[in-house]
Amino acid sequence: MCKTKGLDISEASDMELEPSSDSSMESSDSEVEISEAENEAAETVQEEEEESEDEVIKAIKRECERKNDHPPVINCEDFITDISFHPGSDILAVANIVGDVMFYKYSNEENSLQNTLELHTKACRDIEFSLDGERLFSTSKDRTIMLSDVETGKLIKFYEDAHEVPVYSLTVIDENVFATGDDDGTVKLWDTRQNDRPIYKTKRNDDYISDMVTNESRKYLLCSSGDGSLTTIDLEKRAIYMQSEDHDDELTCLGLFRTETKLLAGSGKGKLYLYNWDEFGLFSDAFPGPKAAINALIPITENIVVTAGEDGNLRATHLFPHRHLGIVGQHDISVECVDICNNGTFIASSGHNNEIKFWNVQYFETIEKVSQKHKKHERKKELANNLPSSKVKNNAEFFSDMA
């Protein structure tokens, strides 16, 4: 430090260059001590800032280094039209718009393509495994139905011109009987032991048959339609049992709950309609949603359903009592298909961007009940809540371990 600092220029010019006096030395030592203290304080602040920054980086790294609890994303070249898990093996069947079906072996570490079946000349609309997993049923826009051997890939049975218009949906009823629904609302029952003609045919709907389900007793076949109605077929009598009143929006998908005593239907306006079993004429309750179309749904537990939305979100809803639990996972655009694996560990979903994502949903097993109280003003918050499987973490959850 220059000892002339702070002096008048004229005074400085009259001074001789002599060794520093004791007083000047004391002043200099004092200033040095103050400077060192300031430096130490600055270093402490910098260290605290670096330590705080390190905590953020550590939190990010912990997020990135968490053990993968689900298979990685499957990216496909062609538009995905349907997915179906094998009932006993770690195999996922994937149908696409060019009529092919691909079999993927999945694990938490990697997915590998096992086989590709070139089945249909047009888009493959729906695929389902047989109850024993040995056969794959597929239907297509080309109006055909095929049964293929899963292990060898060979064609077992072929139904040409199965419907007069493109076939939209298919469901397996038992080891021999299956059902198909087409774009015009016609439903047909088939028996693989019979010839290539259907064993039953009916048309009670004015629009496409979006989905079909039956329960373990296989007494009824429930068929949802784009015309907004639910048609029930008595499988034993092979006759119409009941047709519901029309809704003001299309019914898009179906699922069974409460030991198959409740039927849930998703709709094009985002609502969920609940029916009591054997009372399919009129829904018993309706649950509002995010107002985005529900394209598919899958039962997770006896009380929880995951819906696939046109807004790109997979949402979990508790039905009894009704509460929105939050977002299970996200796609960039509309989610079209969802299915759950054979042991219930995770679900798979596909969107319009030709990718299949897996989501671990084991945490739902710990949810036994939720509060009866539901505050209407919290519905938006519940709809936006990110659950543990979501790729997006809630801020409070992400930084909770830094408090």
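These numbers were taken from a predicted model, which means no experiment stands behind them.
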Side chains of [X] and [Y], donor plus acceptor under 3.5 Å:
X      : Y      : value
Thr116 : Glu118 : no
Thr231 : Asn205 : yes
Thr252 : Ser210 : no
Tyr208 : Glu250 : yes
Lys262 : Asn276 : yes
Glu77  : Asn96  : no
Ser334 : Glu336 : yes
Ser229 : Asp227 : yes
Thr144 : Asp142 : yes
Ser389 : Tyr363 : yes
His120 : Ser138 : yes

Margin query: Which label fits His247 and Tyr275: parallel for a plane angle under 30°, tilted from 30 to 60°, or perpendicular past 60°?
Written below: perpendicular
Whether [X] side chain and [Y] backbone form a donor-acceptor pair below 3.5 Å:
X      : Y      : value
Ser107 : Glu110 : yes
Ser284 : Leu274 : yes
Asp184 : Thr186 : no
Thr139 : Leu170 : no
Gln243 : Leu230 : no
Arg197 : Asn195 : no
His163 : Pro166 : no
Ser89  : Ile91  : no
Asn360 : Gln362 : yes
His86  : Val150 : no

Give, for atom [atom1] of [X] and atom [atom2] of [Y], the distance between the pair rounded to the nearest 0.5 Å.
X      : Y      : atom1 : atom2 : value
Ile327 : Leu325 : CD1   : CG    : 12.0 Å
Asn215 : Ile173 : CG    : CD1   : 11.0 Å
Leu263 : Leu222 : CG    : CG    : 5.0 Å

Check: Asn111 and Lys105: side chain to side chain contact (heavy atoms under 4.5 Å, CB included), yes or no, with the steps?
Finding: CA-CA 6 Å; Asn111 303 309; Lys105 178 77 173 179; over 6 Å; no
Any heavy-atom pair between the side chains of [Y] and [X] that's under 4.5 Å?
X      : Y      : answer
Asp132 : Ser130 : yes
Leu155 : Leu147 : no
Leu113 : Met102 : yes
Lys201 : Val187 : no
Trp190 : Thr180 : yes
Ile347 : Val328 : yes
Val305 : Ile300 : no
Asp211 : Ser169 : no

Check: Pick from Phe158, Phe178, Tyr159: which one makes a ring-ring contact (aromatic ring centres under 6.0 Å, His included) with Phe137?
Finding: Phe178
Note to self: Could you walk me through whether Glu355 and Lys357 satisfy the salt bridge (charged side-chain N to carboxylate O under 4.0 Å, His left out) test, starting with their C-alpha distance in whole Å, then the side-chain angles of each, then the deciding distance to 0.1 Å, before giving a yes or no?
What the structure shows: CA-CA 7 Å; Glu355 68 178 8; Lys357 293 183 177 182; 3.5 Å; yes
Checklist line | Step-by-step salt bridge (charged side-chain N to carboxylate O under 4.0 Å, His left out) determination, Lys188 to Glu164 | finding: CA-CA 11 Å; Lys188 294 184 179 183; Glu164 290 70 29; 3.7 Å; yes
Check: Are Asp183 and Arg125 within salt-bridge range, i.e. N to O under 4.0 Å?
Finding: yes
Notebook entry, point to check: Are Asp311 and Lys291 within salt-bridge range, i.e. N to O under 4.0 Å?
Noted result: no
Looking at every heavy atom in both [X] and [Y], which two are closest together, and how far apart are they?
X      : Y      : value
Tyr168 : Asp126 : O-CB, 4.0 Å
Arg258 : Phe320 : NH2-CB, 2.9 Å
Ala123 : Ser140 : O-OG, 2.8 Å
Leu251 : Ala265 : CD2-CB, 4.3 Å
Ser84  : Asp339 : CA-OD2, 3.4 Å
Ala296 : Cys337 : CB-CA, 4.4 Å

Checklist line | Verdict with supporting geometry, Arg143 and Asp161, salt bridge (charged side-chain N to carboxylate O under 4.0 Å, His left out) | finding: CA-CA 5 Å; Arg143 302 186 293 116; Asp161 296 328; 3.0 Å; yes
Next item on the list: From the options Val335, Ile333, Ile80, Asp332, select the one residue that forms a side-chain contact (heavy atoms from CB on, under 4.5 Å) with His352.
Entry: Ile333
Notebook entry, point to check: Hey, which of Asp69, Leu92, Thr345, Asn108 is the one that makes side-chain contact (heavy atoms from CB on, under 4.5 Å) with Phe358?
Noted result: Leu92
Checklist line | Aromatic centroids of Phe346 and His70 separated by under 6.0 Å | finding: no
Check: Stepwise, does the side chain to side chain contact (heavy atoms under 4.5 Å, CB included) test hold for Leu264 with Leu254?
Finding: CA-CA 6 Å; Leu264 190 70; Leu254 301 171; over 6 Å; no
Next item on the list: Show your reasoning for whether side chain to side chain contact (heavy atoms under 4.5 Å, CB included) applies to Thr202 and Ile233.
Entry: CA-CA 9 Å; Thr202 185; Ile233 299 173; 3.9 Å; yes
Next item on the list: Identify, with sequence neighbours excluded, every residue that meets side-chain contact (heavy atoms from CB on, under 4.5 Å) alongside Asp248.
Entry: Lys269, Tyr273
Next item on the list: Begin from the C-alpha positions of Gln194 and Asn176 and carry the test side chain to side chain donor-acceptor pair (under 3.5 Å) through to its verdict.
Entry: CA-CA 9 Å; Gln194 305 293 328; Asn176 299 308; over 6 Å; no
Note to self: Using a 6.0 Å distance limit plus a 45 degree cone around the ring axis, check whether Arg135 lies over the aromatic ring of Phe129.
What the structure shows: no
